[in-house]
Colleague: 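One structure, as structure tokens, below. Some questions next.
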2 protein chains.
Amino acid sequence: MFGTIFMTLSEEDYIKAIYHLGKGDNTTVSTNGVAEQMETKPSSVTDMVKKLSEKGVVNYRPYKGVSLTEHGQKIALSLVRKHRLWEVFLVEKLNFSWDEVHEVAEQLEHIKSEKLIDQLDKHLGFPEVDPHGDPIPSKKGEFKKTIKKLLNEVAIGTSGICVGVKDSSPPFLKFLDKNKIALGDTILILEKEEFDGSFYIQVKDIKIHISNQIASNLYLKITA
Amino acid sequence: MFGTIFMTLSEEDYIKAIYHLGKGDNTTVSTNGVAEQMETKPSSVTDMVKKLSEKGVVNYRPYKGVSLTEHGQKIALSLVRKHRLWEVFLVEKLNFSWDEVHEVAEQLEHIKSEKLIDQLDKHLGFPEVDPHGDPIPSKKGEFKKTIKKLLNEVAIGTSGICVGVKDSSPPFLKFLDKNKIALGDTILILEKEEFDGSFYIQVKDIKIHISNQIASNLYLKITA
DNA sequence: ATTATTATTTAGATACGTCTAAATAATTGT
DNA sequence: ACAATTATTTAGACGTATCTAAATAATAAT
Ligand SMILES: [Mn+2]
Ligand SMILES: [Mn+2]
Ligand SMILES: [Mn+2]
Ligand SMILES: [Mn+2]
């Protein structure tokens, strides 16, 4: 109607943080939560959240937390879309590894140009997931949600395809590279060590032992 | 040595403006000149130029103008490199036309990632000029300078290849598109109308009449 | 039900980038 | 050389984004 209201880079990052903390549905999140996620101070969050409330992108009640309005959700989804498309670009076209893309995508997601992102999408062949297995919202903000379970929550003996990571920090991703675990790999759960919650798994013919922390950050799509 | 000093987006745009006004060599430019180029006020320029001087990227003497230091020139060349590589990307990979790229490149040039720009360069096949015929500095800041002359400065009867535009504003570029004049085209200068300085030229078998203003914004590489 | 603890907001400060209006320096014209 | 004009800087203000320290509200513990 009147073109989207202009958001600054900071405002956009706050909107994204509120979106992610709200887990995609639209849970109310706390000031301290946002502060931690953004690595800022709670007082800064209060200031920003007031401004965002003025702009109509969040619902804010002092002491009660903050959530995105419909408009805010649209902005968040657009940012997530841009972030993930850029990540795909960096990996597919520019030879970045999956642990290097986040920081750069964090900048690229703020570039303003509708044509740019539409053409990028096309250039990449309309990918459905990013390099970490996270779904890419359509232009209209629609998701394709895959049924996936954390490795530590599936029964012994089942096997599945590794389709995503919960933690996508460089240390974790580098660990997976080192242990030759990649998205698309078939993983069979062999045994669970009850003492420490660790797992014995088989990845493409190789048997390895992973801690519970690793297991609770790998998503599988169950196949058998 | 200690990684390049961080420059804000605004600082970078000022450095680029000073660079362009100084015509590549390192002429001292005026406060008002920068203000006009940047579409800001002279007082804002004074403030910024003081800050840039503190940071050691410009030489500034009150009332006497401003020029880039060696360090400043390196930053400027890096920005020009990024700007032009992104322009090539937009045209070659994302189907932008040459009159649409500047605005987006103006944003993209500020993305911080050395790997990104090196890989982009590679992805594009190490192009030597941008969509407007302007040379792309190498990583070390070296130019390939082509010998080119403005159409209105060459003798009648000579012919050359159109290798660049002086003005690269959308209206001018759209005019060229409309008249089927593109980089790479061979142009023959047929006649000059002394009264208004306009020219009759032949572009790929078609004879057209262009004003002096058009002629003085087209670069040719003389072939005969 | 008080008290202690934690979460959140408010008050006041700083840095950045910009502006308008006023002051001052440099340049131009006579 | 002096006056008029133009260029440039300074002073003071504002909006954004952030912080620390202090005040207040909400929650947990006794
Ligand atoms: Mn970001
Ligand atoms: Mn991702
Ligand atoms: Mn720019
Ligand atoms: Mn260009």
Side-chain angles (χ1 to χ4, degrees), chain A residues 4-19 21-22 27-68 72 75-76 79 106-107 109-112, chain B residues 4-19 21-22 27-68 72 75-76 79 106-107 109-112:
Chain A
T4 313
I5 298 172
F6 175 80
M7 296 284 151
T8 67
L9 189 150
S10 284
E11 288 170 342
E12 289 186 342
D13 280 340
Y14 274 96
I15 290 170
K16 244 188 11 155
I18 294 165
Y19 173 82
L21 287 169
T27 319
T28 292
V29 300
S30 73
T31 305
N32 272 17
V34 177
E36 191 173 347
Q37 172 93 0
M38 302 271 307
E39 300 181 41
T40 58
K41 301 294 171 185
S43 53
S44 305
V45 176
T46 301
D47 284 350
M48 181 56 89
V49 144
K50 282 178 182 167
K51 206 189 334 167
L52 293 175
S53 180
E54 288 299 309
K55 288 201 175 187
V57 297
V58 303
N59 306 116
Y60 169 59
R61 289 182 41 228
Y63 297 102
K64 296 300 182 186
V66 61
S67 64
L68 295 175
I75 294 171
L79 288 164
E106 199 58 46
Q107 300 177 58
E109 69 192 356
H110 302 288
I111 303 293
K112 265 91 177 166
Chain B
T4 313
I5 298 172
F6 177 81
M7 295 284 150
T8 68
L9 188 150
S10 284
E11 288 170 340
E12 289 186 342
D13 279 341
Y14 274 96
I15 291 170
K16 243 187 11 154
I18 295 165
Y19 173 84
L21 287 169
T27 319
T28 293
V29 300
S30 74
T31 306
N32 272 17
V34 177
E36 192 173 345
Q37 173 93 1
M38 303 270 309
E39 299 182 43
T40 59
K41 300 296 172 184
S43 53
S44 306
V45 177
T46 302
D47 285 349
M48 180 56 90
V49 145
K50 282 179 183 167
K51 206 189 334 167
L52 293 176
S53 180
E54 288 298 310
K55 289 201 176 189
V57 297
V58 303
N59 305 118
Y60 169 58
R61 291 185 37 231
Y63 296 103
K64 296 299 181 184
V66 62
S67 64
L68 295 175
I75 294 172
L79 288 165
E106 200 58 47
Q107 300 176 61
E109 70 192 356
H110 303 288
I111 302 293
K112 264 90 177 167

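Each chain gets a letter, A, B and so on, in the order the sequences are listed, and its residues count up from 1. The structure presented is a predicted model; accordingly, all values stated were derived computationally and were not measured.
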Colleague: Between C:dA7 atom P and A:Lys41 atom NZ, what is the distance in whole Å?
Modeller: 14 Å

Colleague: Under 4.0 angstrom, heavy atoms only, what part of the nucleic acid is A:Pro42 near: base, sugar-phosphate, or nothing?
Modeller: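 Touches a base.
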
Colleague: Look at all strands and tell whether A:Ser43 reaches a base, only sugar-phosphate, or nothing, counting heavy atoms closer than 4.0 Å.
Modeller: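 Counting heavy atoms under 4.0 Å across all strands, the contact made by A:Ser43 includes a base.
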
Colleague: Test side chain to side chain contact (heavy atoms under 4.5 Å, CB included) on B:Tyr14 and B:Thr40; report intermediate values, then the result.
Modeller: CA-CA 10 Å; B:Tyr14 274 96; B:Thr40 59; 3.7 Å; yes

Colleague: What's the CG-P distance between A:Asp47 and C:dG12, to the nearest Å?
Modeller: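 It is 14 Å, rounded to the nearest whole Å.
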
Colleague: Between C1' on D:dT16 and CD on A:Glu12, what's the gap in Å once rounded to a whole number?
Modeller: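 Going from CD in A:Glu12 over to C1' in D:dT16 covers 15 Å.
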
Colleague: Is the distance from OP1 or OP2 of C:dC19 to the nearest side-chain N or O of B:Ser44 less than 4.0 Å?
Modeller: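 Yes, within the criterion.
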
Colleague: Check every atom of C:dA7, C:dT18, D:dT8 against the side chain of B:Asn32 and return the nucleotide holding the closest atom.
Modeller: D:dT8

Colleague: Verify side chain to side chain contact (heavy atoms under 4.5 Å, CB included) between B:Val29 and B:Val66, making sure each step is shown before the conclusion.
Modeller: CA-CA 5 Å; B:Val29 300; B:Val66 62; 3.7 Å; yes

Colleague: What is the separation between atom OH on A:Tyr60 and atom C1' on C:dT9, rounded to the nearest whole Å?
Modeller: 7 Å

Colleague: Is the shortest side-chain N/O distance from A:Tyr63 to OP1 or OP2 of C:dT10 below 4.0 Å?
Modeller: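 Result: no.
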
Colleague: With respect to the phosphate group of C:dT9, does any side-chain polar atom (N or O) of A:Thr31 fall under 4.0 Å of OP1 or OP2?
Modeller: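 The answer is yes; a side-chain N or O of A:Thr31 sits under 4.0 Å from OP1 or OP2.
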
Colleague: Measure CZ/B:Arg61 against P/C:dA26 and give the value in whole Å, please.
Modeller: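 Interatomic distance, CZ of B:Arg61 to P of C:dA26: 10 Å.
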
Colleague: Examine C:dA7: is either OP1 or OP2 under 4.0 Å from a nitrogen or oxygen in the side chain of A:Ser30? Give yes or no.
Modeller: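 Answer no for this pair, as no side-chain N or O of A:Ser30 is under 4.0 Å from OP1 or OP2.
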
Colleague: At less than 4.0 Å, is any side-chain N or O atom of B:Lys64 found next to OP1 or OP2 of C:dA25? Yes or no.
Modeller: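 Answer is no, no contact under 4.0 Å.
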
Colleague: State whether the side chain of B:Lys55 and the backbone N or O of B:Phe6 hold a donor-acceptor pair below 3.5 Å, judged by distance alone.
Modeller: yes

Colleague: Backbone N or O of B:Gly22 within a donor-acceptor pair of the B:Thr27 side chain at under 3.5 Å?
Modeller: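 Pair found, side chain donor or acceptor close to backbone of B:Gly22.
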
Colleague: Could you state the CD-P distance from B:Glu39 to C:dC19, rounded to the nearest angstrom?
Modeller: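 About 11 Å, once rounded to whole Å.
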
Colleague: Is the shortest side-chain heavy-atom distance between B:Ile75 and B:Met7 below 4.5 Å?
Modeller: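 Side-chain contact under 4.5 Å: yes.
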
Colleague: Look at A:Thr46 and C:dT9 and indicate whether a side-chain polar atom (N or O) is within less than 4.0 Å of OP1 or OP2.
Modeller: yes

Colleague: Give the rounded distance in Å between these two atoms: CE of B:Met38 and C1' of C:dT18.
Modeller: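 It works out to 11 Å between those atoms.
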
Colleague: Nearest whole angstrom, please: distance from the P of D:dG15 to the NZ of A:Lys55.
Modeller: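 Distance check: A:Lys55 NZ to D:dG15 P gives 14 Å.
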
Colleague: Quick one: is A:Lys50 getting a side-chain N or O under 4.0 Å of the C:dT10 phosphate, OP1 or OP2?
Modeller: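 It does, given that an N or O in the side chain of A:Lys50 lies less than 4.0 Å from OP1 or OP2 of C:dT10.
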
